[in-house]
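Following: one structure in structure tokens, then a few remarks.
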Number of protein chains: 2
Amino acid sequence: MFVKQLTVGVRDEYRLRVPERDPFRESHVESRRNRPAKPPLSRDSIVDEALRQISTEDSAPLSLRKIAKALDTGPASLYAYVDGMSELQALVLDRALQAVETGGKGSWRDRLEGLLLSYATVLARSPTLARMAFQTTAVGPNALRISEALLELLAEAGVDQANAAWAIDLLTMLVTATVAEHAQDTGAAKPGGPIEQALARTSASQYPRVHAARDDILSGTGEERFHWGIDILIRGILAHPQSQ
Amino acid sequence: MFVKQLTVGVRDEYRLRVPERDPFRESHVESRRNRPAKPPLSRDSIVDEALRQISTEDSAPLSLRKIAKALDTGPASLYAYVDGMSELQALVLDRALQAVETGGKGSWRDRLEGLLLSYATVLARSPTLARMAFQTTAVGPNALRISEALLELLAEAGVDQANAAWAIDLLTMLVTATVAEHAQDTGAAKPGGPIEQALARTSASQYPRVHAARDDILSGTGEERFHWGIDILIRGILAHPQSQ
DNA sequence: TATTCGTCGCGAACAGTGTTCGTCAAGCAA
DNA sequence: TTGCTTGACGAACACTGTTCGCGACGAATA
């Protein structure tokens with residue numbers, strides 16, 4: 001709201017080319033007033049602080065007020081640099097995705113697994129981040145960079161463009177969902193947690209197969225299951241009929 | 001808190017067999033006091049009202065206060081029957097999963113697709129429900145019923161127990177994530193939405209593959225992509241090395 | 001240089017949320 | 001009839017994201 005009036009000159013030119021503003025360009029709106037003591041409170045500093053908070057206090061759900069307090073101001077001030085909570089989430093997510101390494105060595109398969117693992121590692125840095133990745137469809141420059149790398153790897157694997165385009169969704173979804181589920185706020189999957197108990201309670205007569213497989217259902221580390229999932233997906237993608 | 005003191009007699013016996021209480025048994029705690037005018041406010045009535053609300057008001061995020069208001073009481077009263085928000089979510093989710101049809105006809109493949117589609121349809125009834133399904137690991141009786149059916153179908157398909165146990169996670173995750181992503185609060189994937197714009201902005205020089213594939217990335221209805229995903233998964237699962 | 005003026009910064013308030021505390025009354029037992 | 005256990009719930013607490021509008025400052029004008 002504020003930003004819209006504030007940068008109205010810039011945005012009018014911009015609007016001639018693109019109907020709506022791209023929150024990833026023009027990263028700092030720059031306050032003309034150079035306040036003496038405190039740093040001038042830019043968009044970057046807000047995103048940095050947000051990322052710092054979710055990386056530090058575990059599973060704290062990223063609040064505007066806490067960011068404002070840390071930056072020694074009121075919550076209203078943030079709205080001059082960020083359009084609201086959801087835009088901030090998108091910005092934070094993309095900033096975090098900067099750390100994902102798209103380059104790598106070895107076969108396409110090794111590089112693909114490496115890329116996805118790097119992606120997972122970054123998301124696993126904070127439960128909040130993982131949740132954000134799931135509910136915010138990432139469209140920032142870093143998300144594009146990752147998509148570009150994935151498409152290239154899949155092309156190298158011999159997957160045609162149409163299938164590859166859908167496959168990147170599936171692959172990232174696997175990573176995101178796995179991490180988000182694993183790093184849930186409630187440690188429900190932990191030993192002794194509710195899900196283990198629920199499985200232990202299953203009677204062999206009512207749910208015979210679940211009962212029989214209850215150890216298998218819980219078995220494996222997160223990483224093992226992660227690699228297993230990737231293997232399933234890759235095998236499936238390669239096995240799918242292609243047009244090319 | 002209240003419940004714990006309230007049903008202490010019952011729970012002490014219970015505790016001898018099972019360390020923690022199972023929120024899915026003893027579905028109504030039953031207030032001994034039969035109030036004259038209003039219905040006695042049971043756990044079932046709370047879950048029913050919650051399910052009614054998220055099925056009616058679209059994408060309203062299920063608030064305890066709204067449920068209390070609809071039941072003509074204060075929010076505190078609900079805590080006598082439900083342990084808190086997360087338990088309520090689990091109960092609501094499982095109640096909703098009652099509608100998932102596990103029986104079916106045809107080949108295992110047809111029945112598997114039918115089951116997953118039924119699951120997806122139920123979740124798609126409300127965006128809130130879809131989100132809940134993702135963040136709440138379902139361990140109620142209906143979730144177990146679905147798992148049981150999935151395990152049986154996979155066994156019929158020739159998948160060994162260890163792989164099947166992990167596969168049901170993958171399959172349900174695909175459904176959940178697809179529906180939750182599709183029925184997101186912000187209709188971001190809609191034509192003209194932020195993601196289409198972001199893709200349209202991609203330059204052919206910076207992100208050549210994304211740029212080239214931008215139509216493919218957006219193509220397909222939800223259902224088409226859903227079936228495509230299932231096909232990938234099934235192919236992958238069958239292609240994975242097995243011990244049996 | 002003095003004065004006006006438009007432009008931001010941000011304190012305070014709004015409308016929500018989940019959860020807890022402690023009062024009060026109703027029902028059963030004595 | 002009295003006493004007491006037991007369950008309902010109003011009010012308050014500590015939060016959340018978001019908006020409104022006052023006030024003070026920097027820059028342009030007189």
Side-chain angles (χ1 to χ4, degrees), chain A residues 1-10 28-43 45-46 50 53-54 57 59-90 92 128 132 135 185-186, chain B residues 1-10 28-43 45-46 50 53-54 57 59-90 92 128 132 135 185-186:
Chain A
M1 189 106 246
F2 254 143
V3 176
K4 282 171 186 168
Q5 297 173 347
L6 199 152
T7 59
V8 72
V10 184
H28 55 268
V29 184
E30 180 122 37
S31 81
R32 262 67 139 251
R33 304 175 50 187
N34 43 352
R35 317 242 278 109
K38 285 284 154 192
L41 184 63
S42 64
R43 169 183 288 212
S45 63
I46 292 172
Q53 286 195 3
I54 62 172
E57 326 169 30
S59 86
L62 182 58
S63 124
L64 285 178
R65 300 184 104 97
K66 271 187 288 187
I67 297 170
K69 192 161 284 180
L71 261 37
D72 197 39
T73 181
S77 305
L78 304 184
Y79 281 79
Y81 301 95
V82 158
D83 219 33
M85 193 54 184
S86 63
E87 181 176 299
L88 177 60
Q89 282 180 322
V92 169
T128 309
M132 272 173 34
Q135 59 198 46
D185 31 357
T186 69
Chain B
M1 190 102 247
F2 254 143
V3 175
K4 281 172 187 167
Q5 296 173 346
L6 199 153
T7 59
V8 72
V10 184
H28 55 269
V29 184
E30 180 119 38
S31 82
R32 263 66 141 250
R33 302 176 51 189
N34 43 352
R35 314 246 277 111
K38 286 285 155 191
L41 184 62
S42 64
R43 170 183 288 208
S45 63
I46 292 173
Q53 286 195 4
I54 62 173
E57 327 169 28
S59 87
L62 182 58
S63 121
L64 285 179
R65 300 183 105 94
K66 271 186 288 186
I67 296 171
K69 191 161 286 179
L71 260 37
D72 196 40
T73 182
S77 306
L78 304 184
Y79 281 79
Y81 300 94
V82 158
D83 217 35
M85 193 53 182
S86 62
E87 181 177 300
L88 178 60
Q89 282 181 322
V92 169
T128 309
M132 272 173 34
Q135 60 197 47
D185 31 358
T186 69

What are the two closest non-hydrogen atoms of [X] and [Y], and how far apart are they?
| X | Y | result |
| --- | --- | --- |
| B:V82 | B:E87 | CA-OE2, 4.0 Å |
| B:A60 | B:I54 | O-CG2, 4.2 Å |
| B:M132 | B:Q89 | CE-O, 3.4 Å |

Nearest-angstrom distance from the residue atom CG of A:L78 to P of C:dG11: 11 Å
Nearest whole Å is fine: how far is D:dC9 C1' from B:I67 CD1?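 Distance check: B:I67 CD1 to D:dC9 C1' gives 16 Å.
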Using a heavy-atom cut-off of 4.0 Å across all strands, would you classify A:T73 as base, sugar-phosphate, or nothing? sugar-phosphate
Report the residues that fulfil side-chain hydrogen bond (donor to acceptor under 3.5 Å, both in side chains) with A:Q53, sequence neighbours left out, ordered by chain and then residue number.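 Expected list: A:E49.
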Hits for side-chain hydrogen bond (donor to acceptor under 3.5 Å, both in side chains) against A:S63, two or more places apart or cross-chain, chain-then-number order -> none
Nearest-0.5 Å distance that lies between atom CE in A:M85 and atom CD1 in A:I67: 6.5 Å
Could you grab the distance from atom CD1 of B:I46 to atom CG of B:L64, nearest 0.5 Å is fine?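 So the CD1 of B:I46 and the CG of B:L64 are separated by 9.0 Å.
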Per-nucleotide protein contact along nucleotides 13-19 of chain C, 5' to 3', at a 4.0 Å heavy-atom cut-off (B base, S sugar-phosphate only, - neither), is B---BBB
Is there a donor-acceptor pair under 3.5 Å between the side chain of A:R65 and the backbone N or O of A:P75? no
Respond yes when some side-chain nitrogen or oxygen of B:Y81 is under 4.0 Å from OP1 or OP2 of D:dA8, and no when none is. yes
Tell me the bend of the helix from C:dT1-D:dA30 to C:dC28-D:dG3 as the angle between end helix axes, each from five pairs, rounded to the nearest 10 degrees.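 Axis angle across the helix from C:dT1-D:dA30 to C:dC28-D:dG3, nearest 10°: 30°.
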